[in-house]
Amino acid sequence: MAASPPAGQQIETLRIAVDRANQTANSARRSADEWRNTRAVTHLAGYAAAGYASQDNGADSFDVANFNPIFHFQYADRVLWESELEVEVEEDGSTGVALEYSAINIFVNDYLTFGAGKFVSPIGNFRQNIHPAWINKLPSAPPGFGHDGAAPLAEVGFQLRGGLPIGDRSKVTYTGYVGNGPKLEGEDGELHGVDTDGFTGDPDDEKVVGGRLTLLPVPSLEIGVSGAFGDAAVVENDGLDFEGDPARDYEVLGADFSYRWHTLDLRGEYVQQDIGDAAGSIVPEGGKWETWYLQGAYQFAEAKWEGVLRYTDFDSPHPDQTQEQWSVGLNYLLTPNAILKLGYEFNDGLAGEETDEDRWLLQVAYGY
Amino acid sequence: MKRTNSSARRCAVVGLALALTGAAAAADPAGTAAPAGNDPSQFARGAQTWAATCARCHNMRDPKELRDDQWRAVVAHMRVRANLTGQEARDVLAFLQESN
C-alpha cells in the first residue's frame, strides 16, 4: 500500500484545484454576461400561418402556407434596423418572396425616431399594427386592406415618429413621412387599381407627404386620423409597362379608433384613396377606393377562447371589387401567440364573382 | 393649382428635414439613453405600460418567452411601431427582464 503524500503537498494540490475551479467559474460568468451586456443585439422574430378555405360554390383548398421572418439588428439605445420578408406558397406551387419592409430607425431622443428605407404605411392602424396573422383576430383581412384596396400598404422614403405624454395618463403620438408614393394600373381604358407596395422609383416625380396623429385620452382608448397627399401616374396598362403618362392628384384620408375594456376589444377604421382625373392620360378618369370596418372581440374561459364579429364595407370604382362582408369567428388560444381561428364570412359582391361567395376559413397562426 | 400643391409638398419635405436636424441637435450625445438605475417605481411603471399598451393591439406575451437580450430587440421594435417614448420603452424592458 502506497504511502499518502505529506499533508503540505495535499494542501497545495487542493489549492491548485480550487484556483482552477475559480478560474472556470469566472470564465463562465464572463461568458454569461457577454450576451447580457453587448451593445449590439441580433434577433429573429416573425410569424407564420397555415389555412384552409371552403367556399359555398364548392371550391375548397388549403390556401395559406406562409411565414414572415423579421430580422432585428440593434445597436445600444440608438439604432434599430429591422427587415421583414414575406415568404409564401403560391397557387402554382412556386414560392413567393417579398420584402415587406426594411428600414433603419434612429432613436434621436426619447420623443423622436427617424426612419429611412421601406416601411409599412403609417396610414391607419390595421396595416401598421393589426395585419400579422397572429394579431389579426380573423383569418382574413377586412376587404379593402389588401392589394389594390383602399388602404396603402407600404412606402419608400423617410419618416419621423414618436410619442409625447400629456400628464400621467394621456398621450399623443405622431408619424410624418415623405415617400415616392404609389403607381397606377390601367385596364381597358379604366383605372384598375392603386399599387402601394412601396417603390424605389417615382415616375410622377412628385413626392407623397403624409402621416398619422393619435390621441390617447386614457391608455385604453386610441383615436387616430391619417392623411397623405401627392401625385401618382399610370405606369402599367393592360398588363404592359407604360411610360409618359401625366401625373395626377393622389389623396388618402383615414380615421381609426381602438378601445379595450377588460377582455373586450373594440376597433374600427375608415380609409379612402382618391385618384384625380388627368386630361391627356391613357386613363383620363380617376377613381376612389373606400373602405371601413368595425370589429368587436371578447375573450372568455380564462382568455383561452375568443369570439369575434366584424363588418366591412368596401367600395371600389369596379363592381367586381366592391364587397360588403359580415365575418364571425371563434378562436382558441393555444398560447397567447399561437392561435387556432375558425371563421365564416357572409360576402355580398358582384354576382358570379368570388367577392360574392360566402366561405368557411380555418387558420392556425403563430407569432414568434 | 398643381404648382401650389407641389410647392406645399416641397415645403413639407423641407419642414421634415428641418425638424429632423433640430431634433438631432438636441439628441443625447452619448448615443445611449441612461438606464433608470435604482428607480424603485420603474418595474411598476413598466408593468402598467406593458398591460395598457401591448394589449391594445395583440395578446399579452409571457415575459418568460424570451431572454433579456431578446426582449431588448423586441421592445426596440415596439418602441418604433407603437410610438413608445424612450422612458416607456425602458420601463417596459425593465419589467420584462425582471419578470422572465
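All heavy atoms count here, side chains included; hydrogens, waters and symmetry mates do not. Residue numbering restarts at 1 for every chain, and letters A, B, ... go by the order of the sequence lines. All figures in this text were calculated on a predicted structure; none of them were measured in a lab.
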**Message:** Quick check on Q48(B) against chain A: is it the side chain, the backbone, both or neither that has a heavy atom closer than 4.5 Å?
**Reply:** neither
**Request:** Pick one of side chain, backbone, both or neither for T38(A), based on which atoms fall under 4.5 Å of a heavy atom in chain B.
**Result:** both
**Between R67(B), Q97(B), M60(B), the one whose heavy-atom pairs under 4.5 Å with chain A are most numerous** = R67(B)
**Prompt:** Among side-chain atoms of R79(B) and T113(A), is any donor-acceptor pair under 3.5 angstrom?
**Reply:** no
**R260(A) portion near chain B, given a 4.5 angstrom heavy-atom threshold** = side chain
**Prompt:** Taking non-hydrogen atoms and a cut-off under 4.5 angstrom, which of residues 68-77 of chain B neighbour chain A?
**Reply:** D68(B), D69(B), Q70(B), R72(B), A73(B), V74(B), A76(B), H77(B)
**Contacting moiety of L333(A), where chain B heavy atoms sit under 4.5 Å** = side chain
**Item:** Selection from I135(A), L164(A), V218(A) maximising heavy-atom pairs under 4.5 Å formed with chain B
**Value:** I135(A)
**Ion pair check, D256(A) and R267(A), cut-off under 4.0 Å** = no
**Asked** For F73(A), what residues pass the ring pair (Phe, Tyr, Trp, His ring centres under 6.0 Å) criterion, not counting sequence neighbours?
**Response** none
**Message:** Quick one, L160(A) with Y177(A), criterion side-chain contact (heavy atoms from CB on, under 4.5 Å). Give me CA distance, side-chain angles, the key distance, then yes/no.
**Reply:** CA-CA 6 Å; L160(A) 297 174; Y177(A) 72 92; over 6 Å; no
**Message:** Taking side chain as everything from C-beta outward and backbone as N, CA, C, O, which of these in F71(A) sits under 4.5 Å from a heavy atom of chain B? Side chain, backbone, both or neither.
**Reply:** neither
**Message:** Has R169(A) got a side-chain atom pairing as donor or acceptor with P219(A)'s backbone, closer than 3.5 angstrom?
**Reply:** no
**Message:** So for I339(A), is it side chain, backbone, both, or neither that comes closer than 4.5 Å to the heavy atoms of chain B?
**Reply:** side chain
**Asked** What residue in N83(B), V80(B), T49(B) has the most heavy-atom pairs under 4.5 Å with chain A?
**Response** N83(B)
**Request:** Below 4.5 Å from any heavy atom of chain B, which atoms of Y174(A) appear? Answer side chain, backbone, both or neither.
**Result:** backbone
**Prompt:** Given the rule in the ring pair (Phe, Tyr, Trp, His ring centres under 6.0 Å) test, do Y47(A) and Y366(A) qualify, once you have shown the distances and angles that lead to the verdict?
**Reply:** CA-CA 5 Å; Y47(A) 52 95; Y366(A) 176 47; over 10 Å; no
**Asked** Which bit of T53(B) is near chain A, if near means a heavy-atom gap under 4.5 Å: side chain, backbone, both or neither?
**Response** neither
**Request:** Kindly indicate whether a cation-pi arrangement holds for R61(B) with W134(A), taking the cut-offs as under 6.0 Å to the six-membered ring centre and within 45° of the axis.
**Result:** yes
**Side chain, backbone, both or neither of A51(B) within contact of chain A (heavy atoms, under 4.5 Å)** = neither
**Item:** Pair Y250(A) and F229(A), ring centroids less than 6.0 Å apart
**Value:** no
**Request:** Can you sort out the partners of Y298(A) under ring pair (Phe, Tyr, Trp, His ring centres under 6.0 Å), two or more places apart, ordered by chain and number?
**Result:** none
**Fill in**
Here the salt bridge (Lys or Arg N to Asp or Glu O under 4.0 Å) pairs for residues 115-138 of chain A, sequence neighbours left out, are E100(A)-R127(A), K137(A)-E306(A)
**Prompt:** Distance only, no hydrogens: is a donor on one side chain within 3.5 Å (strictly under) of an acceptor on the other, for Q299(A) and D265(A)?
**Reply:** no
**Message:** With a 6.0 Å cut-off on the ring centroids, do F95(B) and F43(B) count as close?
**Reply:** yes
